[in-house]
Amino acid sequence: MVLFSKFRPLLQTVLRPKEQLQSIVKRWSSGRNMRVMISEFHERKFFDMFHYYFLIGLVPTFCVVFYANVFVGQATLTEIPDDYEPRHWEYYKHPLRRFMARYVVQPFDERYEISLHSIYTHVMRDQLKALERKVKRLEHARGDAKGWFYRPVVDHLTELEQKKAVERSDGYSAMVAPRELPPPRSWPVPPKT
Amino acid sequence: MPEPTPPEHVYGLNKWSDLGYTTIDMLYLRPVRWFHRNFVERFRGSAYPYYHRKFGTVKTIDQCEIQDQICFYEAEMSFLREKRIDTMIVEILHDRLTRCIAYEGRIDALDKCAKEKDALFESHANWYQKYGEMGVPHSCIDAYMKQKHHMIWMRRHPEVDLKGWAIEREYEKKTKDYIKSIPMPMETR
């Protein structure tokens, strides 16, 4: 890439001017010729932009890598002390690798534990499904239960309706003249006994 | 693992060109060493540790209960880890042999690299016996079955001597040591 700018003068030494553009040669006095050549503007512009955008990434990267390798340095291998549990990034040597492990990448052990958890969840789910299938199969085969999906839900309105129907069957005069006193009030304040 | 690589087998083309200060490597290594001594060692911060990861012992396949998927997974992972480690070991031994041959030259390597060659042969054979020829993909259960079938085969064919070449090499070594131990003047063996 750095040698692109050398190609043009090489071409110009190989294809000499009189072979290049023999017909477009301006003379404005005898012996003085102006070589009419193709504009270099586009080449220069392209290379400038290429260098600019390339180095925008390269210069900071190089500085960071230089600093990490020269001034921070790589870690030294030591035995794990007995009472210490190393953090997951302390298992790596290069400082940039440690940085990635600490802030960017999912820890190795965590990934393992997540896989174990997912296996456990799948196993439990499969066992429960199998149990449900077994229960349905047995109920269908034996036919001796009310249905395991039957929930004993209390329908207060229906019960009230049934009670009222029983009372109505006694007669409306039984409701008008009750045999007992109504129950004592409990709201807002219960009576003093 | 067997003994570490001797330091002269590490760089240089061969022992005749590798005198230590005239190889082309020195053209690259000397400026790096100068820079390291004069700049890096002065300005580097304090040293900090890193540790070697220890994996706890888990149950192998033969110790797992039936339908214990978690145990299977852990056994499989440990099997894969051990396979990677064994592959690296074989690779390192192969590398050592290559360096030894490059250093000594083709002819001297026949005498001088016998240890490396034997180590590679043995480790490669063991790797193949443990992990090889099972098909791709294979699991820890396939490896366990292979071990079982191998033991059955050994029981059925007791006359086959699988350690024979190692015993021969030991005998050869003992003979050579005996000959060396006989004191004689000025290399008349």
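Residue numbering restarts at 1 for every chain, and letters A, B, ... go by the order of the sequence lines.
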[X] versus chain B, the contacting section by heavy-atom distance below 4.5 Å:
{"X": "A:Tyr67", "answer": "neither"}
{"X": "A:His88", "answer": "backbone"}
{"X": "A:Val123", "answer": "side chain"}

### Top contributor to chain B contacts, counting heavy-atom pairs under 4.5 Å, from A:Tyr92, A:Tyr112, A:Tyr120
A:Tyr112
### Message
Can you tell me which of A:Leu116, A:Asp109, A:Asn69 forms the most heavy-atom pairs within a distance under 4.5 Å of chain B?
### Response
A:Leu116
### Query
Is B:Arg81 positioned over the aromatic face of B:Phe55, cation under 6.0 angstrom from the ring centre and no more than 45 degrees off axis?
yes
### Message
When you measure from the centre of the six-membered ring of B:Tyr128, is the NZ or CZ of B:Lys146 closer than 6.0 Å and no more than 45° off the axis?
### Response
yes
### Query
Is B:Arg169 salt-bridged to B:Glu172, going by a charged N under 4.0 Å from an acidic O?
yes
#### Entry: Salt-bridge present (B:Asp68, B:Lys59; N to O < 4.0 Å)
no
### Within 6.0 angstrom of A:Arg185 CZ, more than 12 heavy atoms from elsewhere
yes
#### Entry: Region of B:Gln67 in contact with chain A, defined by heavy-atom distances below 4.5 Å
neither
